[in-house]
Amino acid sequence: MSTASGPARPSIRERVRPIEAGETVLSAHFLGDSAVLVLASGEILIADDTDRRETLHDGGILASASDGAILLTGGDDGKVVTFSPKTGAATVHDSGGTWIDKVALGPNGAVAWSAGRKAFASQGKGEPKRLDLVSAAGGLAFFPKGFRLAIAHYGGVSLWFPNSEAKPIGLTWKGSHLGVVVSPDQRFVVTTMQEPQLHGWRLEDGQHMRMSGYPGKVRSIDWTVGAKFLATSGASEAILWPFSGKNGPMGANPTMVAPSAKAGGKVTVVAGHPAAPVVAVGFADGLILLARIEDGAEILVREPDGDPVSAIAWSGKGQAIVFGTENGKAGLARL
């Protein structure tokens with residue numbers, strides 16, 4: 001691993017095509033080979049050989065999700081919108097003005113969204129199912145199989161089968177849970193919290209998993225290839241918790257990669273490569289590195305310039321990467 005005083009890192013900066021987003025990039029995705037940047041104003045920027053913009057909302061975008069084929073967004077205009085490059089934009093739901101706080105995409109065309117203290121889920125037919133919550137949803141995540149949704153909120157997570165009349169299963173832990181992911185093998189549920197920590201549950205027995213020690217709030221988490229690790233932001237380097245064993249991270253130490261060479265440096269975004277044991281790491285000073293998990297070897301994508309990295313995404317096969325910043329700079333690299 002190179003250091004500030006050691007040999008220069010290998011770089012792919014020359015492969016990065018600059019993109020002028022012109023405003024805060026909230027999230028990044030790929031739809032097929034096209035990169036998509038979700039912008040604060042209600043627009044998206046589609047980048048491939050050329051750049052074009054589409055307006056999805058009459059106001060700001062508050063949430064987005066993608067499965068690689070379609071983009072789902074929620075806005076402060078009260079609308080839930082889908083978009084694909086082939087078919088364009090379509091409104092899935094209009095709340096009449098109630099803000100759409102969170103959205104999620106699931107298997108077989110399932111979609112979910114939250115508005116205030118209510119969560120909704122639909123499989124595209126009939127009226128959406130509704131669930132009243134104890135607080136506003138902090139995050140939504142479908143299980144990889146079936147029509148089942150994890151909803152983070154104050155006090156824990158609700159596991160909801162929208163097509164069942166049964167009450168959701170509750171996973172409890174005191175505090176405000178702000179985001180949620182389900183492991184690809186469906187054995188673990190993990191949340192980010194208002195406090196600088198993660199909390200998880202092993203579903204087979206309800207065993208708690210507390211992942212703490214962060215100096216700041218964890219705002220970005222992503223599975224690495226094969227779900228061997230859960231990569232996280234919130235520290236001066238990317239923290240990777242092991243999930244390949246039966247017990248997940250319990251009793252195990254995390255792996256740490258891409259340490260900041262700058263005092264007080266902070267990781268803002270992580271994105272696991274879909275096919276290789278590599279994680280892209282974005283920093284508050286604008287630096288972006290690709291780090292190999294097994295030995296920490298690094299490749300430079302973007303030099304620091306003081307503009308915090310706000311979004312990173314890999315294409316479906318990991319052959320391209322797109323990123324954006326808080327001040328509206330962005331780039332696309334074909335690898």
Side-chain angles (χ1 to χ4, degrees), residues 62-74 78-82 90-96 98-193 198-209 221 223 227 230 243 246 248:
L62 303 179
S64 67
S66 173
D67 61 3
I70 65 171
L71 176 72
L72 182 70
T73 60
K79 295 180 180 179
V80 180
V81 175
T82 61
T91 299
V92 174
H93 173 78
D94 189 342
S95 71
T98 304
W99 288 13
I100 306 300
D101 304 310
K102 304 294 177 182
V103 296
L105 282 165
N108 304 315
V111 297
W113 63 91
S114 66
R117 295 187 177 188
K118 296 179 175 61
F120 301 85
S122 171
Q123 292 178 297
K125 298 179 181 179
E127 289 295 313
K129 306 294 184 179
R130 191 185 93 175
L131 179 68
D132 293 329
L133 306 173
V134 297
S135 70
L140 306 173
F142 277 100
F143 280 68
K145 298 179 181 179
F147 189 39
R148 189 183 189 189
L149 187 67
I151 307 168
H153 47 68
Y154 187 84
V157 175
S158 293
L159 305 182
W160 180 37
F161 287 94
N163 285 336
S164 172
E165 296 297 327
K167 291 184 178 181
I169 297 171
L171 304 175
T172 59
W173 187 260
K174 185 178 180 180
S176 182
H177 298 258
L178 303 182
V180 62
V181 293
V182 179
S183 64
D185 62 7
Q186 305 193 128
R187 296 182 58 236
F188 303 99
V189 171
V190 181
T191 64
T192 60
M193 299 191 67
L198 307 178
H199 195 81
W201 295 263
R202 186 171 60 189
L203 296 184
E204 63 191 51
D205 57 6
Q207 177 66 50
H208 291 277
M209 302 177 294
I221 59 177
W223 297 105
L230 182 64
F243 273 84
K246 177 181 178 181

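Because only heavy atoms are used, hydrogens play no part in the values below, and waters and symmetry mates are left out as well, while side chains stay in. Small disclaimer: the values here were computed from a predicted structure and weren't measured.
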Close side-chain approach of Arg148 to Ile169, heavy-atom, < 4.5 Å = yes
What heavy-atom pair brings Phe147 and Ala121 nearest, and what distance separates the two atoms?
-> CZ-CB, 3.8 Å
Check whether any side-chain N or O of Ser66 sits under 3.5 Å from a backbone N or O of Gly68 as a donor-acceptor pair, and report yes or no.
-> yes
Do Lys129 and Gln123 have side chains that get closer than 4.5 Å, going by heavy atoms?
-> no
Ignoring hydrogens and angles, tell me if any N or O in the side chain of Thr98 forms a donor-acceptor pair with the backbone of Ala115 under 3.5 Å.
-> no
Does a sphere of radius 6.0 Å around CG in Asn108 hold more than 12 heavy atoms from other residues, nucleotides or ligands, not counting ones at 6.0 Å or beyond?
-> no
Leu72 to Ala112 - nearest heavy-atom pair and separation | CD2-O, 4.0 Å
Side-chain contact test, heavy atoms from C-beta onward, threshold under 4.5 Å: evaluate it for Val189 versus Leu203 and give yes or no.
-> yes
Taking all atoms of both residues into account, what is the closest heavy-atom pair of Ala227 and Phe243, and its distance?
-> O-CB, 3.7 Å
With sequence neighbours left out, the residues meeting ring-ring contact (aromatic ring centres under 6.0 Å, His included) with Trp99 are none
At their closest point, which heavy atom of Val103 faces which heavy atom of Gly74, and how far apart are they?
-> CG1-N, 3.8 Å
Point-to-point distance, once rounded to the nearest 0.5 Å, from OG of Ser122 to CZ of Arg130 | 15.0 Å
Student check: side-chain heavy atoms of Pro144 and Gln186 closer than 4.5 Å | yes
Between Trp113 and Phe120, how do the two ring planes meet: parallel, tilted or perpendicular, split at 30° and 60°?
-> parallel
Are side-chain heavy atoms of Pro168 and Leu131 found at a separation under 4.5 Å?
-> yes
Side-chain donor or acceptor of Asp101 paired with backbone N/O of Leu62 under 3.5 Å | no
Least distance between heavy atoms, Asp67 atom then Leu105 atom = N-CD1, 3.6 Å
Can you tell me how far the OG1 atom of Thr82 sits from the CG atom of Leu71, to the nearest 0.5 Å?
-> 8.5 Å
Apply ring-ring contact (aromatic ring centres under 6.0 Å, His included) to His177 and list each qualifying residue two or more places apart in sequence or on a separate chain.
-> Trp201
Between atom NZ of Lys79 and atom CD1 of Ile100, what is the distance when rounded to the nearest 0.5 Å?
-> 11.5 Å
Polar side-chain atom of Arg202 near backbone of Met209 as donor-acceptor pair, under 3.5 Å = no
Backbone N or O of Gly78 within a donor-acceptor pair of the Ser95 side chain at under 3.5 Å?
-> yes
Any side-chain heavy-atom pair from Val111 and Val80 closer than 4.5 angstrom?
-> no
Would you check if the side chain of Ser114 reaches a backbone N or O of Lys118 as a donor-acceptor pair within less than 3.5 Å?
-> no
Any pair with a residue in residues 161-174 that passes salt bridge (Lys or Arg N to Asp or Glu O under 4.0 Å), sequence neighbours left out, goes on the list, sorted by first then second residue, please.
-> none
Show your reasoning for whether side-chain contact (heavy atoms from CB on, under 4.5 Å) applies to Phe143 and Leu159.
-> CA-CA 9 Å; Phe143 280 68; Leu159 305 182; 4.0 Å; yes
Side chains of Leu230 and Phe188 in contact at under 4.5 Å (non-hydrogen atoms) = no
Can you tell me how far the NE2 atom of His153 sits from the NZ atom of Lys102, to the nearest 0.5 Å?
-> 14.0 Å
Looking only at heavy atoms, the pair that brings Thr73 and Ser64 closest together is CG2-CB, 4.0 Å
For Glu127, look at atom CD and say whether over 12 heavy atoms of other residues, nucleotides or ligands are found less than 6.0 Å away.
-> no
